[in-house]
Colleague: 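Structure in C-alpha cells, see below.
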There are 2 protein chains.
Amino acid sequence: MKHHPKPCLIGLDWGTSSFRGWLLDKEGRIMETVRADLGILKISDEGFSDVYHNQLNPWIEDHGKLPVIASGMIGSRQGWLEAPYVACPSGPEELAEQLAYVPAEGMDQPPLLAIVPGMNHWNDGVPDVMRGEETQVFGAMDEEGQREIYILPGTHSKWVVTQEGRIEDFVTFMSGELFSVLKEHSILGRLMKGDEDHQESFDRGCSQALESPFGLLSQLFSARTMGLFQQVEEEGIHSFLSGLILGSELKEAFSRFSSRKEKEFPSLKLIGEGRLVESYQRAFQLAGHDCEMVSGTPTTVGLMKMARFASII
Amino acid sequence: MKHHPKPCLIGLDWGTSSFRGWLLDKEGRIMETVRADLGILKISDEGFSDVYHNQLNPWIEDHGKLPVIASGMIGSRQGWLEAPYVACPSGPEELAEQLAYVPAEGMDQPPLLAIVPGMNHWNDGVPDVMRGEETQVFGAMDEEGQREIYILPGTHSKWVVTQEGRIEDFVTFMSGELFSVLKEHSILGRLMKGDEDHQESFDRGCSQALESPFGLLSQLFSARTMGLFQQVEEEGIHSFLSGLILGSELKEAFSRFSSRKEKEFPSLKLIGEGRLVESYQRAFQLAGHDCEMVSGTPTTVGLMKMARFASII
C-alpha cells in the first residue's frame, strides 16, 4: 500500500515584494508550493484577506482547514497585522509565544493566520531590526550548536550571530540598496554599460575594498576614476562597484565580529540563492574565509519549528 | 584726483552647474562680478563660445580686449577644450605651464581663453581627480607654508594636502552625492519630513559616526531604525543622515591623514560658503578639531597667480 503523506501546516514567506507558500507534511516535507508577485507593497489595506484566500483556497478545498503561519513584512506596520518585535537575544520559543493572530470572521473559527514577530536589537543606543530572516536562521541552525554567523544577502543584508539555538546579535548592511541607488541615480552610473556580470572587475573592486586601509566613502569615487582612466572597462564598472561595496561589507563585518572576546572566528553560513549569493561566495573566497551554503529551504523548517513551539500543529 | 583702477584680467570659474566671472585689477581686486546658471551640463557643444561672448562682451566693450582664464569642468572632456590632468604633487607653476588655450577665430588674435588643467593622483593603483579645487587651494595657501589640509565641501568633497606652495595629496569623498541619492531614492527617504536643518539630529548622527567603532555601511540603516523607534523625529531624519555621512567622512579622513609620519595633525582650513559649509564647521566642532574658514575669494587669487606664472598678464 502506497504511503500518502497528509499536510499538517501551510507556511508563508510574505515579504515586501513577493508571496511564497508551502504545503507541509508533519515531517516538514514540502508537498506543494505557490509563488506570486503579491508582496505587501503591492496590496492595499483591504487586499490581504483576498490574496490569502485566492492563493490558499485550492489547498484548503483539497485538504480541509489547516493552520497557517507566516514570516516576513506581513507582520510590519504596513502589513496585515503588526506583530511587535521581540528583543534579541531570543530563541524560537520566545518568538512562538508572541505570534500575532489574524482572527477569522466567525468568532468560533480558528484564526486565519499566525504571524511570526520580527526581532530588534539595541547596540550602543542604536536599534536594528529584521523580519523574516530570524525564521530562516532558526530553520538553518543547530539547536545545540556553537557560535555561528549566518549571512543573508539582500537589499538590506543581515549578519546574524547564533549560539545554542538562540539569536544573540545581528546587524544590517544597506549594501544591496546602496548599490542600486548609486547605479541608477549617481554620477557613477553614467559610465556604466550593460548589466552582465564581469568577474574580473568584481574581483578588482572587492579586493581593493578588502585590502585598502581606507573606508568606503573615499573609495566610492574610484568607481568613476577607474573608468575615466581605463583601469576598468565600461562593461565592468557596475561589477567593480558591486565588488567595492561587498568587499566593504565583509571588511566591516569581520572587524565588528572579531572584536568579540573569543579568538576564533565563528563559522560562516550563507542563506539564499541566485546571482547575489554567488557574488557573496566569491567575495568570501577573495577574503580567504570559508563560507558554507545552507541547503534546503530554511524558511519552512523555521516555520515548522515555530508552529510546534506555539502548539498550532 | 580720484584713482581709477584698470582691469587687467577676467577670471572664470566655469563648472558643471554654474558660470561665474570676475573683472580683476592688477592687484587682484574684484571690480565687477557676473554669475549665470550656465554650467557645462546646460550647454551643447557649439554653445560655449556664445555663452562666453554674451557674458563677457559688456566688459570687453567697456575696457577693450583682456586676457581671460578659467578653472573648473570647462576643461574636462565634456567642456570646451580638454585640458589634460597634471600629476600630483605639483605647484601652480607646473599647472600654468600646461594651460590649454581656446584659439580666437582670427589667426593673429590672442586666444579667447586659457583653461587651468585639473590634477590627478594615484594612490595604491587607484586614481583620483579634481578640476577647479586646485585653483581655489593655490589661491588660499601660503607659498612658504607648512603642511595644511584644505577641505572643500561639495557633491564630491575634496581634502587637499599642501606644503610649501605645492599640492601634495588629495582625496575625494562622495558624501554630498551619497546623501542626496539616499534621501531622494532609498528607503531612508520615506520616513523623512521637511527640509529644515535640525541641529540636534545632525549632532546625533555626526557624533554616532565619529564615536562608533563600526563603518558607514552598517550605520546607514540606523537612519531608518532611529525613526522607526522614535529616537529621531521625522523632521530630523534628513539631518541625522547628513550628520552620519559627514561624521563618517571626518573619521575616514582623520584616520587617513594621521597615518602619515608626522605626529602632529596639519592645520585644517575650510573653503566654501552656505549651509553645507556650516554643517562641516559643526562637524569639526563635534570632532574636537579646530578648522579655520578661508576668507575672500580664493578662486580669483588662484587664477591671478596662474595667469602671472603663465605670463598672460
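If you're wondering where the values come from, they're calculated on a predicted model, not measured in any experiment. A, B, ... follow the sequence lines: proteins, then strands. Residue 1 opens every chain.
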Colleague: Please name the pair of heavy atoms, one in A:Leu216 and one in B:Glu252, separated by the smallest distance, quoted to 0.1 Å.
Modeller: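 Nearest pair, atom of A:Leu216 first, then B:Glu252: N-OE2, 3.2 Å.
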Colleague: What residue, out of B:Glu211, B:Glu249, B:Met226, has the most heavy-atom pairs lying under 4.5 Å from chain A?
Modeller: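 Top option by heavy-atom pairs under 4.5 Å: B:Met226.
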Colleague: So for B:Val129, is it side chain, backbone, both, or neither that comes closer than 4.5 Å to the heavy atoms of chain A?
Modeller: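 The answer is both parts of B:Val129.
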Colleague: Restricting to non-hydrogen atoms, name the atom on B:Leu228 and the atom on A:Arg77 that form the minimum distance, rounded to 0.1 Å.
Modeller: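 Scanning both residues completely, I find the closest heavy atoms to be O-NH2, 4.1 Å.
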Colleague: Are there over 12 heavy-atom neighbours, none belonging to A:Glu200, within less than 6.0 Å of that residue's CD?
Modeller: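 No, not enclosed.
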Colleague: Quick check: do A:Leu178 and B:Leu178 have side-chain heavy atoms less than 4.5 Å from each other?
Modeller: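 In contact.
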Colleague: Please name the pair of heavy atoms, one in B:Leu217 and one in A:Ile245, separated by the smallest distance, quoted to 0.1 Å.
Modeller: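 It is CD2-O, 3.6 Å.
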Colleague: Chain A heavy atoms under 4.5 Å from B:Glu184: which part of the residue, side chain, backbone, both or neither?
Modeller: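 Interface part for B:Glu184: neither.
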Colleague: So do A:Phe221 and B:Lys158 actually touch side chain to side chain, heavy atoms under 4.5 Å?
Modeller: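 When only atoms from C-beta onward are counted, A:Phe221 and B:Lys158 do touch, with a gap below 4.5 Å.
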Colleague: Would you compute the distance between atom CH2 of B:Trp159 and atom OG of A:Ser218 and round it to the nearest 0.5 angstrom?
Modeller: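 So the gap between those two atoms works out to 11.0 Å.
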Colleague: Testing the basics here: between B:Pro127 and A:Thr225, what is the closest heavy-atom pair and its distance to 0.1 Å?
Modeller: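 That would be O-OG1, 2.7 Å.
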Colleague: Which residues in residues 276-285 of chain A have a heavy atom less than 4.5 Å from any heavy atom of chain B?
Modeller: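 Under the 4.5 Å heavy-atom cut-off, nothing qualifies.
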Colleague: Considering all heavy atoms of both residues, which atom of B:Arg190 and which atom of A:Leu41 are nearest to each other, and what is their separation?
Modeller: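 For B:Arg190 and A:Leu41, the tightest heavy-atom pair comes out as NH1-CD1, 4.5 Å.
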Colleague: Would you say A:Glu177's side chain and B:Ile187's backbone share a donor-acceptor pair under 3.5 angstrom?
Modeller: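 At least one qualifying donor-acceptor pair exists.
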Colleague: Of the listed residues (B:Val181, B:Asp124, B:Leu188), which shares the most heavy-atom pairs with chain A below a 4.5 Å separation?
Modeller: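 Heavy-atom pair counts peak at B:Val181.
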Colleague: I need the contact set between residues 148-156 of chain B and chain A: heavy-atom distance under 4.5 Å, sorted by residue number.
Modeller: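 If one takes a 4.5 Å heavy-atom cut-off, the residues of residues 148-156 of chain B near chain A are B:His156.
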Colleague: Picking from A:Val171, A:Asn123, A:Asp128, which has the most non-hydrogen pairs under 4.5 angstrom with chain B?
Modeller: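 When all of A:Val171, A:Asn123, A:Asp128 are compared, A:Asp128 has the most.
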Colleague: If I take atom CE from residue B:Met174 and atom CG from residue A:Leu182, how far apart are they, to the nearest 0.5 angstrom?
Modeller: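 Reported to 0.5 Å precision, the distance equals 5.5 Å.
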Colleague: Among the options B:Ser222, B:Ser180, B:Ser186, pick out the one with the most heavy-atom pairs lying under 4.5 Å from chain A.
Modeller: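 Top option by heavy-atom pairs under 4.5 Å: B:Ser186.
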Colleague: Can you tell if the side chain of B:Gln231 reaches within under 4.5 Å of the side chain of A:Trp122, non-hydrogen atoms only?
Modeller: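 Result yes, sub-4.5 Å side-chain heavy-atom pair found.
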Colleague: Between A:Tyr85 and B:Phe229, is the ring centre distance below 6.0 Å?
Modeller: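 A:Tyr85 vs B:Phe229: aromatic centres under 6.0 Å.
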